[in-house]
Amino acid sequence: MTDENRNQDEPIIRDKRRIDPETGEVRQPQAEGADAAASASPEAADAPAADADAAEAGTVDEAELTVDDILNAAQAEVEDPSAEHLADLKRVTAEYANYRKRTEANREVERERAIGATVAVLLPVLDDLDRAEKHGDLEGDTPFATIAAKLRASVEKLGLAKFGEVGEPFDPQRHEAIFQQPSDEVEVDTVADVVETGYLLGGTLLRAAKVVVKTPA
């Protein structure tokens with residue numbers, strides 16, 4: 001058996017007597033604790049110091065970032081925005097402008113559609129007024145003439161416009177020919193008579209005018 005093995009097998013004897021038999025003095029109890037602390041690894045002894053340094057460093061970093069620092073950084077970004085933020089701002093502005101255009105266009109379409117549905121109900125009444133006017137029933141200051149004038153003024157305020165006059169060129173987009181008359185008096189298709197007045201509501205054709213057409217002979 002080698003000396004190393006012998007040392008490992010031999011028991012370790014610690015003298016825990018409070019009185020030193022050689023000197024007769026009282027031993028200090030912390031001596032054993034000091035020996036144990038001394039026998040500990042250097043890494044374990046240095047660990048609390050390292051943790052303390054890290055905690056102190058974190059405290060310093062947190063203390064350095066204040067509310068004023070955050071506000072100043074935000075203000076600097078507003079005054080001198082980055083290229084990325086400028087690109088995002090331009091994109092959002094363009095999208096909002098397009099959204100407003102679409103909204104306004106849709107709103108106008110819906111407005112004309114609602115007014116058109118209302119005015120369409122009154123078209124037969126306006127036709128009766130046109131026939132009464134041709135027969136001379138709206139002459140003078142009669143109550144019937146006054147009511148007719150007010151009704152026509154009201155629908156005109158809504159954007160309703162009448163068209164279809166004798167002598168104007170025939171337009172197949174706006175006129176509906178119900179009869180054709182060959183004539184030497186015209187060189188192009190021309191409205192000879194208006195049977196039913198046409199109406200426009202804004203830019204929308206509400207009803208085509210029914211007309212008699214003179215065609216070149």
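Sorted by first and then second residue, the ring-ring contact (aromatic ring centres under 6.0 Å, His included) pairs with a member in residues 90-121 form an empty list; sequence neighbours excluded. Listed by first and then second residue, the side chain to side chain donor-acceptor pair (under 3.5 Å) pairs that reach into residues 179-195 are E185-K214, sequence neighbours excluded. Legend: side chain to side chain donor-acceptor pair (under 3.5 Å) pairs involving residues 156-169, not counting sequence neighbours, sorted by first then second residue: E168-H175.
Within a 6.0 Å sphere centred on CG of D141, heavy atoms belonging to other residues, nucleotides or ligands number 12 at most.
Once rounded to the nearest 0.5 Å, the distance linking CG of L200 with CG of L160 reads 8.5 Å.
For E110, the side chain to side chain donor-acceptor pair (under 3.5 Å) test picks out R113, with sequence neighbours left out. Scored by the side chain to side chain donor-acceptor pair (under 3.5 Å) test, Q173 finds no partners at all (sequence neighbours excluded). By the salt bridge (Lys or Arg N to Asp or Glu O under 4.0 Å) test, E108 pairs with R111, sequence neighbours left out. For F163, there are no ring pair (Phe, Tyr, Trp, His ring centres under 6.0 Å) partners two or more places apart in sequence or in a different chain. For T204, the side chain to side chain donor-acceptor pair (under 3.5 Å) test picks out E112, with sequence neighbours left out. Residues that satisfy the side chain to side chain donor-acceptor pair (under 3.5 Å) test with R107, not counting sequence neighbours, are E104. Under the rule for a salt bridge (Lys or Arg N to Asp or Glu O under 4.0 Å), the partners of E196 that lie at least two apart in sequence or sit in another chain are R207, K210. Residues satisfying the salt bridge (Lys or Arg N to Asp or Glu O under 4.0 Å) criterion with E139, sequence neighbours excluded, are absent altogether.
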Check: residues 144-154 side-chain donor-acceptor pairs under 3.5 Å, at least two apart:
unit_1 : atom_1 : unit_2 : atom_2 : d
T146   : OG1    : T142   : O      : 3.1
R152   : NH1    : E133   : OE1    : 3.3
R152   : NH2    : D130   : OD1    : 2.9
R152   : NH2    : E133   : OE1    : 3.1
S154   : OG     : K150   : O      : 2.9

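There is a path of hydrophobic side-chain contacts, each under 4.5 Å, that joins L158 to L123. When hydrophobic clusters are built by joining Ile, Leu, Val, Met, Phe, Trp and Tyr residues whose side-chain heavy atoms come closer than 4.5 Å, directly or via intermediates, V191 is not grouped with V186. Both L201 and V125 are part of a single hydrophobic cluster, where members link through side-chain heavy atoms under 4.5 Å apart. Residues L126 and L138 are members of one and the same hydrophobic cluster, defined by side-chain heavy-atom contacts under 4.5 angstrom among Ile, Leu, Val, Met, Phe, Trp and Tyr. The hydrophobic cluster containing I115 also contains Y199, counting ILVMFWY residues as joined when their side-chain heavy atoms lie under 4.5 angstrom apart, directly or transitively.
Heavy atoms only, all atoms of each residue included: G198 and A209 are closest at N-CB, 3.4 Å. Taking each heavy atom of V121 and P124 in turn, the nearest pair found is O-CD, 3.4 Å.
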